[in-house]
Amino acid sequence: MPRHMVHRAAVSEVFLTDAQALGGDRFLVAAQWPRDHALYYPDSDGFTDPLLFAETIRQSMVYLAHAYYDVPLTHHFIGGDFHFEITDPEMFRVTDVPLQPVLEARWTELDSRPPHRVSLRVDVELTIAGNVCGRGSVSAIAVDGKRYGILRRRGAAPAAGAQALVPQQGTRIPAACLGRLREKDCVLERVGSRDWQIRAAVGHAVLFDHPTDHVPMMVMLEGFRQLGHLLSRTSSVGAEEGEPPAFLTAVSIDCLAFAELDVPIRLQVPDGYQPASCGGAGELRVDAVQSDRAVATAAMVWAALPVAERVGVA
């Protein structure tokens, strides 16, 4: 797929390969997931990063809007809610060839006022190697530049391409504790015993693939995921002690407001929350707060895969 059709600057970040209309606002969207990736790499048990599924859903929504529903390429997409669920994690195991997922997508137009404003929802069913193994959805509003400018002026948006988020206020967490291999991929820092915040340089080649005037949804999702990985361990250094990681099987996000680049984004978990035992299985709710205002909420489900599924993994 052409990179501009999925709002990506780097060819390497385009995962869609083809699309076909089935009629009745239904489509097949094909993709290819890399066996390795600069950010979305397999975990230590050899399972594909679930966030590749999330990014594929996002790219599918943007592509369908431009290719089939005449949404201009200059429109801005504002995310509403996002969800994915993996029903068969075994299909996410990396093999000797790249996985080639297929999404059966259904487009629903909501309260639209074309051509200046299009409100939409895309629901998908995920198939890998002929097996249905997940589902997801995303809703968004696509608006023209004038209306987007009005929305952003209300939020006193910083200029796109600012060189950093906010000055470092907390302590960086070791990459291994967040399920990352490189420190540069860590977007989470600790600012208290039970207080964290998202912090990521806009120069990151994947998280900030192109200049933006706000924190993208995929960056927020990465922050949620890293906190979930940290809290789903039975100890804060579980990765270093050889504890097998839990697998992120479901995420639901509600985007409530723009997250600005120049204000700390605090992540809060419910009072009394305790990390799950039994290999990290459990549910976690996280609120993202900026200037005492909620900008997003996330609910995650982490599953401990059966021991039998780990056999033979290097």
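These figures come from a predicted structure and were not determined experimentally. Residue indices begin at 1 and follow the sequence shown.
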Colleague: Please name the pair of heavy atoms, one in Gly134 and one in Phe53, separated by the smallest distance, quoted to 0.1 Å.
Modeller: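 For Gly134 versus Phe53, the nearest heavy atoms are C-CZ, 4.4 Å.
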Colleague: Report the distance from atom CG of Leu178 to atom CD of Glu222, rounding to the nearest 0.5 Å.
Modeller: 9.0 Å
Colleague: Looking at Leu39, is its backbone amide N or carbonyl O close enough to the side chain of Arg182 to form a donor-acceptor pair, meaning the two atoms are under 3.5 Å apart?
Modeller: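 The answer is no, because no donor-acceptor pair under 3.5 Å joins these two groups.
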Colleague: Following the transitive rule for hydrophobic clusters with a side-chain heavy-atom cut-off under 4.5 Å over Ile, Leu, Val, Met, Phe, Trp and Tyr, establish whether Val301 and Phe82 coincide in one cluster.
Modeller: no
Colleague: Does a side-chain heavy-atom distance below 4.5 Å link Trp196 with Val269?
Modeller: yes
Colleague: Is any NZ, NE, NH1 or NH2 atom of the basic residue among Arg135 and Asp123 found under 4.0 Å from an Asp or Glu carboxylate oxygen of the other?
Modeller: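 No, Arg135 and Asp123 are not salt-bridged.
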Colleague: Evaluate side-chain contact (heavy atoms from CB on, under 4.5 Å) for Trp302 paired with Leu231, printing each intermediate quantity in order.
Modeller: CA-CA 10 Å; Trp302 294 80; Leu231 296 182; over 6 Å; no
Colleague: Backbone N or O of Asp213 within a donor-acceptor pair of the Arg152 side chain at under 3.5 Å?
Modeller: yes
Colleague: State which residue, out of Phe84, Phe47, Tyr40, Trp33, fulfils the ring-ring contact (aromatic ring centres under 6.0 Å, His included) condition with Phe92.
Modeller: Trp33
Colleague: Membership question, hydrophobic clusters at under 4.5 Å side-chain separation (ILVMFWY): are Val289 and Val215 in the same one?
Modeller: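 Val215 and Val289: separate clusters.
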Colleague: Where is the tightest heavy-atom contact between Val62 and Met5, given as atom of each residue plus distance?
Modeller: CG1-O, 3.4 Å
Colleague: With distance as the sole test, does Thr87 use its side chain to make a donor-acceptor pair with the main-chain N or O of Cys133 at under 3.5 Å?
Modeller: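 Yes: the side chain of Thr87 pairs with the backbone of Cys133.
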Colleague: Quick check: do Met300 and Val286 have side-chain heavy atoms less than 4.5 Å from each other?
Modeller: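 In short, these two side chains touch, coming nearer than 4.5 Å.
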Colleague: Given side chains that start at C-beta, do those of Leu16 and Ser60 come closer than 4.5 Å, heavy atoms only?
Modeller: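 In short, these two side chains touch, coming nearer than 4.5 Å.
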Colleague: Kindly compute the distance separating CZ (Arg180) from NE2 (His229), expressed to the nearest 0.5 Å.
Modeller: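 Going from the CZ atom of Arg180 to the NE2 atom of His229 covers 8.5 Å.
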Colleague: How many angstroms lie between atom CG of Leu207 and atom CG of Leu221, to the nearest 0.5 angstrom?
Modeller: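 Output value for this atom pair is 10.0 Å.
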Colleague: Looking at every non-hydrogen atom in both residues, tell me the closest pair between Ala31 and Thr56 and how far apart they are.
Modeller: CB-CG2, 3.9 Å
Colleague: Checking Tyr41 side chain against Leu181 main chain: does a donor-acceptor pair fall under 3.5 Å?
Modeller: yes
Colleague: Do the side chains of Val206 and Phe224 join up, straight or via other hydrophobic residues, at under 4.5 Å, putting them in one cluster?
Modeller: yes
Colleague: Side-chain contact test, heavy atoms from C-beta onward, threshold under 4.5 Å: evaluate it for Tyr69 versus Asp25 and give yes or no.
Modeller: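 Yes, side chains in contact.
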Colleague: At what distance, to the nearest 0.5 angstrom, does CG of Leu188 lie from CD of Gln226?
Modeller: 6.0 Å
Colleague: Please name the pair of heavy atoms, one in Gly192 and one in Arg190, separated by the smallest distance, quoted to 0.1 Å.
Modeller: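 Closest approach of Gly192 to Arg190: O-CG, 2.9 Å.
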Colleague: Just by distance, do the side chain of Asp209 and the backbone of Ala9 share a donor-acceptor pair under 3.5 Å?
Modeller: yes
Colleague: Walk me through it: do Glu13 and His210 pass the test side-chain contact (heavy atoms from CB on, under 4.5 Å)?
Modeller: CA-CA 11 Å; Glu13 299 309 312; His210 54 275; over 6 Å; no
Colleague: For residues His75 and Asp144, determine if any side-chain heavy atom of one lies less than 4.5 Å from a side-chain heavy atom of the other.
Modeller: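 Answer yes - side chains close enough.
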Colleague: What about Leu256 and Val219, same hydrophobic cluster or not, with Ile/Leu/Val/Met/Phe/Trp/Tyr joined at side-chain heavy-atom distances under 4.5 Å?
Modeller: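 Each belongs to a different hydrophobic cluster.
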Colleague: Under a 4.5 Å cut-off applied to non-hydrogen side-chain atoms, are Met1 and Arg8 in contact?
Modeller: no
Colleague: Ignoring hydrogens and angles, tell me if any N or O in the side chain of Asp43 forms a donor-acceptor pair with the backbone of Gly179 under 3.5 Å.
Modeller: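 Such a contact is absent between Asp43 side chain and Gly179 backbone.
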Colleague: Within this structure, what is the CD1-CD distance for the pair Ile265 and Gln197, rounded to the nearest 0.5 Å?
Modeller: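 These two atoms lie 8.5 Å from each other.
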Colleague: So, taking the atom named CD1 in Ile173 and the one named CG in Leu230, what distance separates them when rounded to the nearest 0.5 Å?
Modeller: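 Between Ile173 CD1 and Leu230 CG, I get 5.0 Å after rounding to 0.5 Å.
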Colleague: Group every Ile, Leu, Val, Met, Phe, Trp and Tyr by side-chain heavy-atom contacts under 4.5 Å, then state whether Val102 and Leu22 land in the same group.
Modeller: yes
Colleague: So does Arg225 pair up with Asp49, basic N to acidic O under 4.0 Å?
Modeller: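 Looking at Asp49 together with Arg225, the answer is yes, because their closest N to O distance falls below 4.0 Å.
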Colleague: Ring-plane angle category for Phe27 and Tyr68, please: parallel below 30°, perpendicular beyond 60°, tilted otherwise.
Modeller: tilted
Colleague: For Asp36, look at atom CG and say whether over 12 heavy atoms of other residues, nucleotides or ligands are found less than 6.0 Å away.
Modeller: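 Atom CG in Asp36 is packed in, count exceeds 12.
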Colleague: Would a line drawn from the ring center of His66 to the ring center of His7 be shorter than 6.0 Å?
Modeller: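 Ring centres of His7 and His66 closer than 6.0 Å.
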Colleague: Using atom types as modelled and distance alone, determine if a side-chain donor or acceptor of Arg117 lies under 3.5 Å from a backbone N or O of Arg147.
Modeller: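 Side chain of Arg117 to backbone of Arg147, a donor-acceptor pair under 3.5 Å: no, none is there.
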Colleague: Closest heavy-atom contact between Ser232 and Ala246?
Modeller: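 So the two residues come closest at OG-CB, 4.1 Å.
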Colleague: Any chance you could lay out the side-chain contact (heavy atoms from CB on, under 4.5 Å) test for Ile198 and Leu267, step after step, and finish with the verdict?
Modeller: CA-CA 7 Å; Ile198 292 178; Leu267 299 185; 3.9 Å; yes
Colleague: Could you check Arg153 against Ile150 for side-chain contact (heavy atoms from CB on, under 4.5 Å), going step by step and ending with a plain yes or no?
Modeller: CA-CA 5 Å; Arg153 281 195 294 273; Ile150 292 172; 3.4 Å; yes
Colleague: Does Arg35 come within less than 4.0 Å of Asp96, counting only side-chain N to carboxylate O?
Modeller: no
Colleague: Does Arg121 use its side chain to pair, donor to acceptor, with the backbone of Ser139 at less than 3.5 Å?
Modeller: no
Colleague: Checking the side chain of Glu125 only, and the main-chain atoms of Val132 only, is there a donor and an acceptor separated by less than 3.5 Å?
Modeller: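 Judged by distance alone, no pair lies under 3.5 Å.
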Colleague: Report yes if some heavy atom in the side chain of Leu99 is under 4.5 Å from a heavy atom in the side chain of Arg93; otherwise report no.
Modeller: no
Colleague: Please name the pair of heavy atoms, one in Ala294 and one in Ala257, separated by the smallest distance, quoted to 0.1 Å.
Modeller: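 Heavy atoms of Ala294 and Ala257 come nearest at O-CB, 4.3 Å.
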Colleague: Just by modelled atom types, is the Val251 backbone N or O under 3.5 Å from a matching donor or acceptor in the His83 side chain?
Modeller: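 Confirmed, His83 side chain pairs with Val251 backbone.
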